[in-house]
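Here is how names work: the chains are called A, B, and so on, in the same order as the sequence lines, proteins then strands, and each is numbered from 1. Note that these values count all heavy atoms, side chains included, but never hydrogens, waters or copies made by symmetry.
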Protein chains: 2
Amino acid sequence: MLINELSKRTGVTIHTLRYYENLGLIKGNTDETVKSNTYKQYDEILVETLSWIIASKKAGFSLAEINTLLQEWFDEKLTLSAKVEIVDKKINEVDLKIKQLKEVKKFLLEAKKDVEKGLC
Amino acid sequence: MLINELSKRTGVTIHTLRYYENLGLIKGNTDETVKSNTYKQYDEILVETLSWIIASKKAGFSLAEINTLLQEWFDEKLTLSAKVEIVDKKINEVDLKIKQLKEVKKFLLEAKKDVEKGLC
DNA sequence: TTGATGTATAGACTATACTCTATACTTGTA
DNA sequence: TACAAGTATAGAGTATAGTCTATACATCAA
């Protein structure tokens, strides 16, 4: 699909998609047989990749971190066990973030209790 | 306490503390009776406030969001029920973020399963 | 009392993640 | 075939969150 469709299907603006492509997070391919233009084709799978990128961003991961994981994921030189290790590390990071959010929630619940008791 | 002690007890650099003070997240008070200097005194409670700010930041909230909540929290014009409502809203946001993180984790667990099956 | 260290203010600089503009070429529709 | 809309590239501009530097004055220990 062209960039316009990818944008519409992911909710990510064309500008941002090009920015991501410059960073290496996604990649479109120009059809070499077409000589009249240099329009890039984006693969179906990128819709899924982008939805993961968006979720990861919302979860607080930087584009650099997301990029590193994607590069390692598609790096054919890495062994299966190396990949499993990388993903496991990321899962631990996610678990840590969840723990931190639960801390924040605890703070908020205490604050709520205080205000209900009229302490604030 | 002076800014140096606040920095050491919170792990936040003096520069960043001053940046936060400019934004209004924290506030030190110069002792009017002391004429020789304009050193600011920071209250004990700020150690706790800052640990909450740090946790909230790690959890993905912006300084602007954190600031808004703090301002509302110490706004004496707000009724108790208004404050409870504000905190409840924030708790919902935290729950949403936890949900998003669990989504990311699901993605990662699926990816791990795929790689273990040799699909990648 | 002098020199290292601490504090305050203002402003410059940096990194991240966009967001927009300019320019140029292409495509599709009336 | 004219022209609006789409695509590509490069580069400028913006917002957020620091981070650092310069300048000036204060404090404290030797």
Side-chain angles (χ1 to χ4, degrees), chain A residues 1-43 46 49-71 93 97 100, chain B residues 1-43 46 49-71 93 97 100:
Chain A
M1 73 190 84
L2 292 178
I3 197 158
N4 192 27
E5 188 182 343
L6 184 61
S7 172
K8 273 172 187 145
R9 287 180 57 190
T10 58
V12 178
T13 67
I14 289 175
H15 278 303
T16 302
L17 286 175
R18 292 198 169 120
Y19 173 65
Y20 286 176
E21 185 155 11
N22 279 335
L23 291 181
L25 273 83
I26 59 170
K27 183 155 171 33
N29 297 296
T30 46
D31 187 342
E32 296 296 328
T33 64
V34 175
K35 293 289 175 200
S36 64
N37 68 38
T38 54
Y39 292 7
K40 282 176 184 160
Q41 289 293 331
Y42 295 90
D43 200 284
L46 288 178
T49 305
L50 279 162
S51 102
W52 178 76
I53 291 172
I54 294 160
S56 297
K57 260 172 41 61
K58 280 188 186 155
F61 290 103
S62 69
L63 292 180
E65 289 173 301
I66 293 166
N67 202 9
T68 301
L69 185 62
L70 281 172
Q71 299 315 316
E93 287 177 40
K97 275 184 191 291
Q100 282 163 344
Chain B
M1 75 191 82
L2 294 178
I3 197 158
N4 192 26
E5 189 182 343
L6 185 61
S7 171
K8 274 172 187 146
R9 287 180 57 191
T10 57
V12 179
T13 68
I14 290 175
H15 279 302
T16 301
L17 287 174
R18 292 200 168 118
Y19 173 65
Y20 286 176
E21 185 155 10
N22 279 333
L23 291 182
L25 273 83
I26 60 170
K27 183 156 171 31
N29 297 296
T30 46
D31 187 342
E32 296 295 329
T33 65
V34 176
K35 293 289 174 198
S36 64
N37 68 40
T38 55
Y39 292 6
K40 283 178 183 159
Q41 289 293 332
Y42 294 90
D43 200 283
L46 288 178
T49 305
L50 278 162
S51 101
W52 178 76
I53 290 172
I54 295 159
S56 297
K57 261 174 38 62
K58 278 188 188 155
F61 289 104
S62 68
L63 292 180
E65 288 173 301
I66 292 165
N67 203 9
T68 301
L69 185 62
L70 281 171
Q71 299 314 315
E93 286 177 41
K97 274 183 192 291
Q100 281 164 345

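Note: CD1 (B:I14) to P (D:dG18) measures 16 Å, nearest angstrom. Rounded to an integer number of Å, the gap from B:E21 CD to D:dA17 C1' is 17 Å. Nucleotide C:dT26 holds its P atom 14 Å from the NZ atom of A:K35, rounded to whole Å.
When the side-chain nitrogen and oxygen atoms of A:K57 are compared with OP1 and OP2 of C:dT16, none of them lie within a distance under 4.0 Å. Contact annotation: B:R18 does not reach the phosphate of C:dT9 (side-chain N/O to OP1 or OP2, under 4.0 Å). Look at B:Y20 and you'll find a side-chain N or O under 4.0 angstrom from OP1 or OP2 of D:dG18. The shortest distance between the side-chain N/O atoms of B:N37 and the OP1/OP2 oxygens of D:dT27 is below 4.0 Å.
In this structure, the side chains of B:R9 and B:Y42 stay at 4.5 Å or more apart for every pair of heavy atoms. When side chains are defined from C-beta on, B:T10 does not count as touching B:L46, because their heavy atoms never get closer than 4.5 Å. No side-chain heavy atom of A:Y39 sits less than 4.5 Å from a side-chain heavy atom of A:V34. The side-chain heavy atoms of A:Q71 and A:N67, taken from C-beta on, include a pair separated by under 4.5 Å.
In this structure, B:L63 and A:N22 both approach DNA chain D, and ranking their closest nucleotides by distance from the 5' end singles out A:N22. Map A:T38 and B:T30 each onto its nearest nucleotide of DNA chain C; the residue landing nearer the 5' end is B:T30.
Of all heavy-atom pairs between A:I66 and A:S56, the closest is CD1-CB, 3.7 Å.
Set against C:dT9, D:dA8, C:dT7, the side chain of A:K40 has D:dA8 as its closest nucleotide. Listed nucleotides: C:dT26, D:dG18, C:dC18. Nearest to the side chain of A:S36: C:dT26. Listed nucleotides C:dA17, D:dT7, D:dA26 differ in distance to A:Y19; the shortest reach to its side chain belongs to C:dA17. Among the nucleotides D:dA8, D:dG18, C:dT7, the one closest to any side-chain atom of B:I3 is C:dT7.
B:L2 comes within 4.0 angstrom of sugar-phosphate atoms only, judged by non-hydrogen atoms across all strands, and of no base. Using a 4.0 Å heavy-atom distance criterion, A:S62 is classed as a sugar-phosphate-only contact.
You'll find a donor-acceptor pair under 3.5 Å spanning the side chain of B:H15 and the base of D:dC20, going by distance alone.
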